[in-house]
Trainee: 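Before I ask anything, here is the structure I am working with.
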Amino acid sequence: TGHHWGYGKEDGPSAWHKNYPVAQGNRQSPIDIIPEEATRDRDLGPIFLDYDRCTSINIANNGHSVVVEFVDSDDRSVIRGGPLDNPYRLKQFHFHWGGKGHDGSEHTVGGIGYASELHLVHWNAVKYRSFGDAAEAPDGLAVLGIFLETGDDHRWLHMITDALFMVKYKGSDTDFKGFNPKCLLPSSLHYWTYLGSLTTPPLHESVTWILLKEPIIVSDKQLGMFRMLLFNGEDEDERKRMENNFRPPQPLKGREVRSSN
Ligand SMILES: NS(=O)(=O)c1c(F)c(F)c(S(=O)(=O)CCO)c(N[C@H](c2ccccc2)[C@@H](O)c2ccccc2)c1F
Ligand SMILES: [Zn+2]
């Protein structure tokens, strides 16, 4: 069902516009963030991550990334404040990463990429009655982006990497309870924010992006564990290592990037 897409030569980001014309729209993501061109906006307050009562459900390989899903039937885990007019419910998080020794973030900062990028996807349940409806609305989604830089081991990332062997193949998933993504946050919640889109098909232009300026540090070894995942299912004969699952920066088209104080 739907259109097949991927990150390869034939089905990758440069081909997505054929089935998803919005790929060439006016508020596409990711973008290159140029810090000195961001507007310091005095009205832009801090963001709050009320995740203390979050309920993680499972971790899955969906053939594009590794995804951890959360219960989003009430306001138990929300992001609020900053550029957002309502609280947005946490629905899932996933990662983007490169090949060995290569960057794999989606957003770049001053033209520089990071090793990886973590995205926490939230939706506006105050204004919209379902995630699907929110996903098609200009203020429907809020994605918190966190850059990953290589260095020492991250003390909590092992909780995720330890589970990756259980979801090696596309279509596999396993229970993943009791995980609170607050353990993956850097010390500062200073951010850049701009109006953009999903970075994978259907590329809906429904995302308020909030990108934390401070990266978290993970080790090469931990990042290497993500590369043991495969894009293909267990039944397929061709084994394709899951890596470089990122879309490159898209034209800014006159958009403003704002910076928190
Ligand atoms: N970088 S991004 O935040 O744009 C992004 C991704 F890069 C990404 F890889 C995914 S994904 O779910 O891992 C597989 C592709 O959909 C999603 N998943 C979305 C999603 C699906 C179901 C439930 C929550 C989030 C995305 O697939 C989506 C969002 C909205 C409507 C349809 C699909 C996503 F939102
Ligand atoms: Zn993403």
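Indexing begins at 1, ligand by ligand and atom by atom, following the structure's order.
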Trainee: Among protein heavy atoms, which sits nearest to atom 24 (C) of ligand 1, and what does the distance come to when rounded to 0.1 Å?
Mentor: Phe131 CZ, 3.3 Å

Trainee: Near Ser65, which atoms of ligand 1 are under 4.0 Å from a heavy atom of that residue?
Mentor: 13 (O)

Trainee: Does Glu106 come within less than 4.0 angstrom of ligand 1, counting non-hydrogen atoms of the residue?
Mentor: yes

Trainee: If you measure from the Lys or Arg side-chain nitrogens to the Asp or Glu carboxylate oxygens, is any gap between Asp72 and Arg89 under 4.0 Å?
Mentor: no

Trainee: What is the nearest protein non-hydrogen atom to atom 27 (O) of ligand 1, stated with its residue, atom name and distance?
Mentor: Thr200 OG1, 4.4 Å

Trainee: If hydrogens are left out, which of Lys91, His204, His94, Glu136 has an atom nearest to atom 34 (C) of ligand 1, that is, the closest non-hydrogen atom?
Mentor: His94

Trainee: Check whether Ser116 reaches the backbone of Trp97 with its side chain - one donor and one acceptor, N or O, closer than 3.5 Å.
Mentor: no

Trainee: What atoms of ligand 1 come within less than 4.0 Å of a heavy atom belonging to His119?
Mentor: 1 (N)

Trainee: Phe93 near ligand 1, heavy-atom distance under 4.0 Å?
Mentor: no

Trainee: Is a side-chain donor-acceptor pair under 3.5 Å present for Asn244 with His102?
Mentor: no

Trainee: Looking at Asp153 and Lys221, is any side-chain nitrogen of the basic one under 4.0 Å from a carboxylate oxygen of the acidic one?
Mentor: no

Trainee: Report, in ascending order of atom number, the atoms of ligand 1 lying under 4.0 Å from any heavy atom of Ala135.
Mentor: 30 (C), 31 (C)

Trainee: So with a 6.0 Å cut-off around NZ of Lys100, is the heavy-atom count from everything else above 12?
Mentor: no

Trainee: Mind checking the CG-OG1 spacing from Asn61 to Thr174? Nearest 0.5 Å is all I need.
Mentor: 12.5 Å

Trainee: Could you check whether the rings of Trp209 and Tyr194 sit parallel, tilted or perpendicular, using 30° and 60° as the cut-offs?
Mentor: parallel

Trainee: Do you know which N/O/S atom name in His119 is closest to the Zn ion (ligand 2)?
Mentor: ND1

Trainee: Can you list the atoms of ligand 1 that are under 4.0 Å from a heavy atom of Val121?
Mentor: 3 (O), 35 (F)

Trainee: Drop me the distance from Ile216's CD1 to Leu148's CG, to the nearest 0.5 angstrom.
Mentor: 4.0 Å

Trainee: Give the atom name of whichever N/O/S atom in His96 sits closest to the Zn ion (ligand 2).
Mentor: NE2

Trainee: Checking the side chain of Ser206 only, and the main-chain atoms of Leu141 only, is there a donor and an acceptor separated by less than 3.5 Å?
Mentor: no

Trainee: What protein heavy atom lies closest to atom 33 (C) of ligand 1? Include the residue and the distance to one decimal.
Mentor: Pro202 CD, 3.7 Å

Trainee: Please check if any side-chain donor atom of His96 sits under 3.5 Å from a side-chain acceptor atom of Glu117, or the reverse.
Mentor: no

Trainee: Ring centroid separation for Trp123 and Tyr88, is it under 6.0 angstrom?
Mentor: no

Trainee: Which of parallel (below 30°), tilted (30 to 60°) and perpendicular (above 60°) describes Tyr7 and Trp5?
Mentor: perpendicular

Trainee: At what distance is the nearest protein heavy atom to atom 7 (F) of ligand 1, and which residue and atom is it?
Mentor: His96 CE1, 2.9 Å

Trainee: What protein heavy atom is closest to atom 4 (O) of ligand 1, reported as residue, atom name and distance in Å?
Mentor: Thr199 N, 2.8 Å

Trainee: Please state which protein non-hydrogen atom is closest to atom 17 (C) of ligand 1 and give its distance, to 0.1 Å?
Mentor: Gln92 NE2, 3.8 Å

Trainee: Tell me, which protein residue and heavy-atom name are nearest atom 35 (F) of ligand 1, and how many Å apart are they?
Mentor: Leu198 CD2, 3.5 Å

Trainee: What atoms in ligand 1 come closer than 4.0 Å to a heavy atom of Val67?
Mentor: 13 (O)

Trainee: Counting heavy atoms only, which part of Glu69 comes closer than 4.0 Å to ligand 1: side chain, backbone, both or neither?
Mentor: neither

Trainee: Return the closest protein heavy atom for atom 13 (O) of ligand 1 as residue, atom name and distance.
Mentor: Asn62 ND2, 3.0 Å

Trainee: Applying a heavy-atom cut-off of 4.0 Å, say which part of Trp5 lies close to ligand 1: side chain, backbone, both or neither.
Mentor: side chain

